[in-house]
Amino acid sequence: MQKRNDGKSGSLSRRDFLKGGTLAGVALGFPTIVPSSVFGANAPSNRIQMGIIGNGAMGSGDMGGLAALPGVQYVAVCDVERDRRSIPGCKGYLDFREMLARGDLDAVNLGLPEHWHALPAIAAAKAGIDIFGQKPFARSIREGRAMINAIQQNGIVWQTGSQQRSAANFRHACELVRNGRLGKMLRTEVGLPAGIQGPVMPQEPVPDGLDWDFWLGPAPWRPYTRLGPHHKGPHWSWRWIHDFAGGALTDWAGHHIDIAHWGLGLERTGPVTIEGSATYPSDGTWNTLMSYRFTCKYANGLEIVVADNGRFTPGITWFGENGWLSVDRGRLDSHPKWIMNEVIGPEEIRLYRSDDHCANFIECVRSRRETVAPAEVAHRSISVGLLGEIAMLTGRKIRWNPQTEEIIGDPGAAAMLGRTYREPWTLG
Amino acid sequence: MKTKIGRFVYVAGITAALALTAHAAEADVYAQIAGYDSGNSRAALAAFEVEVRNAGSAGYGGIEQGLLRVLQTPDATFAGKQFACQMLRLVGSEKCVPVVARLLPDEKLSHMARVALEALPGDAAGQALLAAMNAAAGNVKVGLIGSLGARGDERAVPELGKLLAAQDPGVARAAILALGRIGGEAAATALHSAKVPKELETIRMQSWFLCLRTMAANGKESGAAKLYRKAFDESTVPGVRIPALRGIVSIEKDQTVPLLLELIAGGDATMARAAQTALVEIPGKNVGRMLATKLPQLAPPAQLAVLEVLAGRADDAAGGCAQVNALAQSQNADVRLAALQCLGTVGDASSVDVLVAALGGGGETSKTARASLDRLHGADVDKNILQRMTAADEALCGALIQSLAQRRAVTAVPVLLDMAEGKDGALRNEALKALGSLAGDAARPRLYGILKEHAGDKAVDNAVYEACVRQSNRDGCIDEITAAFAAAGVPARCAMIQIVGRLGGGKALQIVSAAFDNASEEMRKSATKALADWSDTDDLVALLSLARNAGDNKHLRSAVIAGWLRLVRFPSNRKPDETIKLYRTLLDVPMETAEKKQIFVALGGLRHEDAMTIVMAGLDDRECGDAAAESVLKLAEALNRSHPALVKTALTKVLAVSKNEDLKKDATAKLAGMDKRN
């Protein structure tokens, strides 16, 4: 599809636009997907060209869902592992900055470890490229805010891979809570998976075809080890290592805390106090939390308690004066039963309806609407997880200002709001 | 800290150190940190982290000193120093700055030194980073610039400003980004006036815009707006024009609607897209009205964009509904579809005719019209839909009934009851479905009447159940339905028993269990099915009492146990210990061997140590021993890591007691596997 330099994109041609571009000055190529306002939603010229950064389990799964939609075409793949840079019809890249600078991408999907969530997203946003990202939104609250700045500044459509927002049972549960079926809210329990202790993984030679230094990126340098016994290379088990991720808590906070927020109407704010405790592995390569429980109090008096599944029912359970309502994947339950069977009327609060998470993103790329799981909402849900992580790592009660996003009166805890990037990577 | 040192040492496996003085043991801990290397056991580090968490900020001073000793140990490993710096981020004070600052120029350790200092409050850390940055080059300098940006310290602005024209593009880029993060007027001035290489120009402008945003937030909105406007007018680069446009919109809000409409109608696709995004986001209901009134004057492509904006804004167009109704009948198929979708948010009762007409359009048109009809706001919408039903064909009428149900249109109930009492098969079923969602106190008696006449009709059964289950007073509803069916025939009372059972609760249990005394075989069968299908997990204890008190009524007891075993596996907020307690109580109930076997099998799926204890006891049961042994083997898989001693005891008992050679063989293999792991 030749849709660039059609004379409608201003006087500077795309070739001029990119000329002289280096990796240091990347993020210049704005896409010019012709909006449906010009030729109609189904016109061939409205095709969306996509790239993928991080072609592992999550990234390729999302790509499968997106590529199956009408009008979506993948043309570029980026991965730090050579064997993952080969997709028919796509040019392969090691460096995401080089891929983003090619100038013909309308959107990307990101399937990266948590320590890599911020930089490619910011670079894509600055290049005017819409983004299907993964939860958790960011590895730290400071990175999340920097991502939002770039996304807002450039008018980017962002979808978070928190697909529970596109499932009818979760939406219905949230609408029931929003419309007061439980009466006055008493508390909300969020049950997430627990973490585990793993083995000590010994140092090994870096596998052929893997750019280990690039994989580490802004995270602290370490010699190569496999990160877990069940997956080859550094894949999957990075989530159990603090330098790269926040364990089961941050893996799932973007799903279940997000839904708890959605039901309570808290998805664009945050708690004011957070306190709790956790246990951590006593040995092994993995060092993220195992069992945990923390309580978040909000300015309006609402309370969300987050704990591992050994303590709480998996999923989200809201307790109100009229009873409780509990939701998880494939499950909706309430006591009394009439609560879950209620219908929401047209004059009541209706939440954003999406029945297909990937399709919702593509629709919004075309219509420029906000997606069902936008950046600010994703940032606020993982902020709860990250603040819980800080409270449990420091062993202290955290006081939080959700407007300024500052920890009050605890410099040691506040130091954990950001991550110090390994050179030459810088945030912004 | 020192009082807990013994635990450190234990975790590290040096039991002899228990006798050491606290000071010597503490020194040992830091020696272990200094000697740690990646790929080895982290036990000492993990124990140290626990101690730091327990120490609280009052204990940080001593820990800081120990960590600094690690950094000054000549032969300390890289990984050990790395760990020390990461811990200093939490426990460090200004006292650590001189030691840590010495690592800032070190290519290998500069990053970790920044980890310790980047977020440390006070002047000393900032000055150390700035001094090191001025003296550094290459990647080390880039990293230090990034840390100064992260600190947001305006005192670094003059030095960073000098780097905007640096020869090294990495350094210049880092300085641009750092100044954007620091923000404020000084950073804005430095960025605004800087001459940077062409490839960094867009990034420079975007960082400058971040500063303007701070400026606007601090009350200087008009000044910021002028600067945004100038950048928007003078630049041809989308990476500059779009952020500038968004800056203007963030300040001037709905005053920018004419500009944004102009961009949408213009020929620049990139800017049209940006304008469309901005229009969706501008706050205020006035925007919807402004856009809707402009619709007739726009060409179809721009109409389509504005309709998408109106649908995306999800606010009403305050008077713009007529224009959207008109476009829902446009000759342009894309515009027509977008208008139909838009009516779901901006439409009112006047949109019913347009949407109902589109329901017959098929495909995407029907689907979109139906979704909008379900969400349409305003008085008289339901009334208008009911009026349209009178002249509608069967397919359309069915769709309208579904929509009324979705809309919770209780005013439709009398009409729906008439239809449910009629003979038209398809529409009658749609009406019954809708009544399940809509029927209230006044309508239920008529539904009971329908049930009496059509007992066994699942559509009727469901409608009555749905109408009842929505009532908050469940017992009151059960009283009502029991009275209504007191004199009904057996088929109707059988249906009533099923419905009452589905409603659940103590009163329902009484009614259903009483049916076992009924002379009618059908009634007893119906009661058995109701108990087997019981769905209220709150009734587990009551069901146990019923089973215990069943006396000679074996049918009742069997039905209760079957239902209980199904129900206990439902998700609930019950704690695992409570579930085990329930199982223990059930096992005290007199029962048949087959029932007891079912219980032992179910316990095998509980993954709980007390479940193992129960099934171990069951191994002695001559009739149920094999079922208990199978569960021991299943639980052994789940518990062998968390409760190895218990699992070994249970497997050993299987070998001693069981007569089943296959089970014994399996137990032997599992024991051998555990020994091998240990």
Side-chain angles (χ1 to χ4, degrees), chain A residues 8-12 20-22 24-25 28 30 32 34-38 40-41 126 128 149 153-155 200 202-203 220 222-223 225 280-284 313 317 331 333 335-338 341-343 345-347 350 367-369 394-395 411-412 415 418 420-424 426-428, chain B residues 38-39 41-43 46 53 82 89-90 111 114-115 118-119 121 139 142-143 146 150 169-170 173-174 177 180-181 198-200 202 206 209 236 238-239 242-243 246 267-270 272-274 276-277 280 301-302 304-305 308 312 334 375-377 407-408 437 469-472 474 571 573:
Chain A
K8 295 177 180 170
S9 305
S11 59
L12 192 69
T22 68
L28 301 174
F30 264 64
T32 54
V34 182
S36 45
S37 53
V38 178
K126 287 187 172 181
N149 284 342
Q153 194 173 48
N154 291 285
V200 174
Q203 290 187 28
R222 61 167 66 200
T225 65
Y280 293 83
S282 57
D283 198 359
T313 302
T317 307
R331 180 173 73 81
D333 196 9
H335 180 80
K337 294 288 180 198
W338 64 265
N341 291 308
E342 282 278 285
V343 175
E347 304 305 325
R350 293 276 191 113
S367 71
R368 311 313 298 164
R369 288 179 66 183
T394 58
T420 300
Y421 276 18
R422 185 168 66 101
E423 61 275 359
T426 50
L427 183 64
Chain B
S38 178
S41 167
R42 283 189 83 257
R53 272 195 291 284
Q82 197 175 41
R89 188 174 181 99
L90 173 64
H111 175 221
R114 289 190 291 112
V115 166
E118 184 176 283
N139 282 346
V142 168
R173 181 177 181 276
L177 296 177
R181 289 189 79 181
K198 188 177 173 185
E199 66 268 21
L200 295 178
T202 302
Q206 293 213 0
F209 290 147
T236 55
I242 290 173
R246 295 180 64 78
D268 184 331
T270 304
R273 183 174 183 248
Q276 198 169 326
T277 311
V280 173
L304 182 54
E308 283 177 339
D334 290 327
R375 297 176 77 103
L376 204 56
H377 292 268
R407 299 180 52 75
R408 295 183 93 210
S437 303
V469 79
R470 284 186 294 103
Q471 307 310 308
S472 53
R474 175 171 62 177
N573 289 329

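Computation of the quantities below employed the complete heavy-atom set of this structure, encompassing side-chain atoms and omitting hydrogens, waters and symmetry-equivalent molecules. Order of the sequence lines sets the chain letters (A, B, ...), proteins ahead of strands, with each chain counted from 1.
For B:R246, the salt bridge (charged side-chain N to carboxylate O under 4.0 Å, His left out) partners two or more places apart in sequence, or in a different chain, are B:E281. Residues forming a salt bridge (charged side-chain N to carboxylate O under 4.0 Å, His left out) with B:E118 (at least two apart in sequence, or on another chain): none.
If you measure heavy-atom distances from A:P220 to chain B, the contacts under 4.5 Å come from both the backbone and the side chain.
For the set A:G428, A:A415, A:G395, the count of heavy-atom pairs under 4.5 angstrom toward chain B peaks at A:A415. With chain A as partner, the option from B:V469, B:V142, B:V280, B:L376 having the largest number of non-hydrogen pairs under 4.5 angstrom is B:V469. Of the residues considered (B:R181, B:R375, B:R89, B:Q82), B:R89 shows the highest number of contacts with chain A, using heavy-atom pairs under 4.5 Å. For the options A:N341, A:V200, A:V343, heavy-atom pairs under 4.5 Å to chain B are most numerous at A:V343. Comparing A:R422, A:E342, A:R350, A:K337 by heavy-atom pairs within less than 4.5 Å of chain B, the highest count is held by A:R422. Contact count versus chain B (heavy atoms, under 4.5 Å) is highest, among A:T394, A:D283, A:T225, for A:D283.
A:Q153 contributes atom CD, which lies 4.5 Å from atom CD of B:Q206 (distance to the nearest 0.5 angstrom). Distance check: B:L304 CG to B:D334 CG gives 6.0 Å after rounding to the nearest 0.5 Å. In this structure, the separation between NZ on A:K126 and CG on A:N149 is 9.5 Å, given to the nearest 0.5 Å. Expressed to the nearest 0.5 Å, how far CZ of B:R273 lies from CZ of A:R368 amounts to 4.0 Å.
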